[in-house]
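Residue numbers start from 1 in every chain, and the chains themselves are labelled A, B, ... in the order their sequence lines are given, proteins ahead of strands. Both backbone and side-chain heavy atoms feed into the values below; hydrogens, waters and symmetry mates do not.
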Amino acid sequence: MKIGIGLWCLQSTATAPRSFTAAYQDLLDDARLAEQVGVHSLWLSEHHGYHDGYCPALLPAAAGALSVTERLEVGTGVLLLPLQRPERVRTATADLNRRYGRRFHLGMGMGYRPGEFRAKGLDMTDRVRLMNRGLDKMTAEPPAPLWVGVTSEVAARRAGRRGLGLFISGAFSPTVVETLVAAHRQAWHDAGEPAGPERAAPDAIDGDAAPTAGQPTAAAPLMKTAPPPPVGLLRNLWLADSAAERRQALDWVRSSYLVYAGLGWGADDTGVDFAAQIEASMDEVEASAVVGSADQVAEGLAEYDVDLVVARIGYDQPPRSALRQVIERIGTELVPRLSSSGRLTS
Amino acid sequence: MRLGLDLRAVADHSTRLDLAVKADRLGLWAVLVGGTAGTEVTEATAIAISTDHIHLAVHFDVGPDHPLTVAEEVAVLDHLSQRRALAIVDGSAEVVTHVDRLLAGNIVDGVALAPPPAQTRVPVWPADAIERVDLSGDLESDRQTIDTYRDGGCTHLFVTWPHSLLKLARHLATRAAGPDFPQIVADLADVVDEPRE
């Protein structure tokens with residue numbers, strides 16, 4: 001199992017206002033530290049037009065993190081594909097991977113805030129069509145390892161059918177995670193076990209050797225030896241030793257969901273009363289958080305049958321010193337405790 | 001008048017990066033980069049990370065992309081580069097105005113750019129309004145070219161240059177700066193350098 005860190009959203013929130021420029025310079029420093037201590041990857045997240053400046057342009061942000069490192073992988077967890085022109089994303093992704101030794105992962109999601117679609121002249125009710133059109137573009141000539149962010153079995157099956165990696169977001173319980181992983185693998189199997197882009201030859205980036213994702217018949221001879229597409233799991237996680245430290249970490253986890261309450265509040269037609277449900281959401285998040293010593297966290301993660309865990313540590317409340325310390329501890333204490341036998345090739 | 005180095009015709013990424021680093025060290029005002037839509041801003045980011053002072057003029061061929069997408073990328077570049085972004089926008093007058101107004105802090109069609117850029121106002125120039133020239137490398141004729149642009153009221157000139165950037169910085173960026181450059185200083189500097197070359 002590989003361990004990454006996330007989500008870097010580059011915000012200046014109501015709970016912890018800061019300079020945006022400082023946020024972006026901190027991203028560079030954090031990427032350097034993550035690489036230095038042996039963390040596998042750093043993941044970014046996207047929203048548009050949100051008051052706290054939630055990062056709206058992940059490709060330049062990723063280019064920054066890739067530019068200051070040599071081994072660290074950098075991913076989007078997730079880029080909102082329906083809000084972008086897929087050809088543009090594909091070209092930029094291919095360019096990043098060519099330039100930075102295939103260290104960029106493109107995670108894609110649909111988005112859920114109507115205002116973000118309106119801001120780009122789009123209608124959110126069209127998002128599934130836009131997402132599928134975008135995924136068609138990406139899988140025709142995969143420019144990088146591709147992941148799809150999901151919150152439902154339908155979406156997990158969609159990713160599995162295409163042979164794409166699964167990026168499971170949020171605070172789902174182990175049972176729900178298991179269900180999503182099972183749906184993903186079953187759909188992949190039913191589709192003829194298509195080879196995923198993470199196993200595409202490096203040449204494919206240039207379009208010289210388009211792989212056969214989504215074409216199970218043509219790829220059949222290879223499929224029997226190809227493992228299923230990888231599964232990544234975003235998990236609220238913190239390394240803490242004393243009871244007081246654990247309580248502090250859990251409070252940071254809880255408070256970070258205020259940001260999501262705000263995002264949901266802005267999404268006025270989701271049918272969910274975010275203000276009324278904030279406490280319930282926080283309880284759910286706390287229950288699924290993995291907080292403790294390195295041994296306890298390693299044990300907690302062992303119950304998930306996934307290839308990559310992205311430790312969600314990019315909260316807005318912890319002081320910089322605490323964030324830097326947990327990055328260091330993840331690299332030096334947690335990474336060595338976890339097997340590197342996952343299906344990620346990098 | 002200030003000189004910027006147009007790198008758009010330099011094919012290789014590592015050569016562009018190398019030239020940008022040298023231009024930064026020699027105090028040139030800006031580099032101009034472009035590329036297929038989506039790669040121009042990542043190129044500028046890579047240069048920003050490797051340089052400290054030089055401005056990053058990015059040529060966006062907006063095409064079918066939404067002006068908000070371009071403005072968002074410029075804002076992020078402005079934070080990553082610590083206030084060095086400059087947008088050259090290739091699109092209709094309406095598109096250029098849309099990008100400019102977003103970056104200036106206006107709410108356009110109900111949308112405010114988030115985050116705002118680091119600069120109070122990022123320069124947004126229409127692509128067809130920038131001044132650029134291919135310098136020949138022959139200092140005598142290039143001096144005349146520079147004088148003509150400078151005395152004609154040009155304030156920022158993008159150039160391509162076939163020789164060492166030290167020559168450009170020493171002989172032409174200096175000359176561009178004002179109407180009374182003492183040429184003897186640049187010539188003597190060449191003489192001083194000669195034994196080392």
Side-chain angles (χ1 to χ4, degrees), chain A residues 9-12 18-28 31-32 44 46-69 83-100 104 115-122 143, chain B residues 12-14 16-17 20-21 33-51 56 58 60-85 95 98 102 107-119:
Chain A
C9 312
L10 295 317
Q11 300 148 281
S12 172
R18 60 174 169 169
S19 145
F20 289 118
T21 299
Y24 283 85
Q25 299 308 311
D26 287 348
L27 162 69
L28 305 179
R32 290 186 188 101
L44 300 150
E46 167 184 326
H47 275 292
H48 298 266
Y50 196 49
H51 73 280
D52 67 6
Y54 205 116
C55 184
L58 298 189
L59 297 172
L66 288 162
S67 289
V68 297
T69 53
L83 298 173
Q84 310 266 354
R85 191 164 57 82
E87 294 82 355
R88 190 174 197 276
V89 174
R90 195 199 163 279
T91 303
T93 297
D95 185 58
L96 283 178
N97 257 357
R98 193 162 36 230
R99 192 173 290 190
Y100 298 107
F104 180 63
E116 300 188 26
F117 286 81
R118 281 196 299 272
K120 298 242 173 168
L122 301 166
Chain B
D12 175 58
H13 164 65
S14 60
R16 291 193 298 270
L17 192 58
V21 168
V33 297
T36 313
T39 66
E40 67 292 82
V41 73
T42 52
E43 168 80 12
T45 302
I47 291 174
I49 298 298
S50 299
T51 56
L56 306 149
V58 189
F60 290 94
D61 185 358
V62 180
D65 290 314
H66 197 284
L68 176 60
T69 300
V70 172
E72 288 171 337
E73 294 194 339
V74 172
V76 166
L77 173 65
D78 204 39
H79 290 293
L80 285 165
S81 67
Q82 299 187 79
R83 301 175 169 77
R84 291 188 282 144
V95 163
H98 195 148
L102 282 169
I107 295 175
V108 183
D109 298 337
V111 177
L113 180 62
Q119 293 177 78

Contact class of [X] relative to chain B, heavy atoms under 4.5 angstrom:
X       : result
A:Gln84 : side chain
A:Tyr54 : backbone
A:Leu96 : side chain

How long is the gap from [atom1] on [X] to [atom2] on [Y], to the nearest 0.5 Å?
X       : Y        : atom1 : atom2 : value
B:Leu77 : A:Tyr24  : CG    : OH    : 11.0 Å
B:Arg83 : A:Thr21  : CZ    : OG1   : 4.5 Å
A:His48 : B:Leu113 : NE2   : CG    : 11.0 Å

Exercise for the section: Identify which part of B:Ala37 has an atom lying under 4.5 Å from any heavy atom of chain A, answering side chain, backbone, both or neither. Expected result: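 It is both, since atoms from each part get that close.
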Practice task
Flag the one option from B:Leu80, B:Val111, B:Thr36 with the top tally of heavy-atom pairs under 4.5 Å to chain A.
Solution key: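 When all of B:Leu80, B:Val111, B:Thr36 are compared, B:Leu80 has the most.
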Practice task
Output the option from B:Leu68, B:Thr42, B:Val41, B:Asp109 having the highest count of non-hydrogen pairs under 4.5 Å with chain A.
Solution key: B:Thr42
Handout entry: B:Thr45 vs A:Leu59, side-chain contact (heavy atoms from CB on, under 4.5 Å): CA-CA, chis, key distance, verdict
Key = CA-CA 10 Å; B:Thr45 302; A:Leu59 297 172; over 6 Å; no
Fill in the blank from the handout: Most contact-rich option vs chain B, by heavy-atom pairs under 4.5 angstrom, among A:Ala57, A:Ala62, A:Gly64, is A:Ala57
Practice task
Could you tell me which of A:Ala23, A:Ser67, A:Gly49, A:Pro56 has the largest number of non-hydrogen atom pairs under 4.5 Å with chain B?
Solution key: A:Pro56
Problem - Sequence-distant partners of B:Arg16, salt bridge (charged side-chain N to carboxylate O under 4.0 Å, His left out), two or more places apart - result: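 Counting only residues at least two positions away or on another chain, B:Arg16 forms a salt bridge (charged side-chain N to carboxylate O under 4.0 Å, His left out) with B:Glu43.
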Completion exercise
For residues 66-75 of chain B, the salt bridge (charged side-chain N to carboxylate O under 4.0 Å, His left out) pairs (sequence neighbours left out) are A:Arg88-B:Glu73, A:Lys120-B:Glu72
Measure across [X] and [Y] and return the closest heavy-atom pair with its distance rounded to 0.1 Å.
X       : Y        : answer
B:Thr39 : A:Ala92  : CG2-CA, 4.0 Å
B:Pro64 : A:Arg85  : CG-NE, 3.5 Å
A:Tyr50 : B:Ala114 : O-CB, 3.1 Å
A:Arg99 : B:Ala46  : NH1-CB, 4.0 Å

Exercise for the section: Take A:Leu10 and B:His79, measure what side-chain contact (heavy atoms from CB on, under 4.5 Å) needs, and give me the verdict at the end. Expected result: CA-CA 10 Å; A:Leu10 295 317; B:His79 290 293; over 6 Å; no
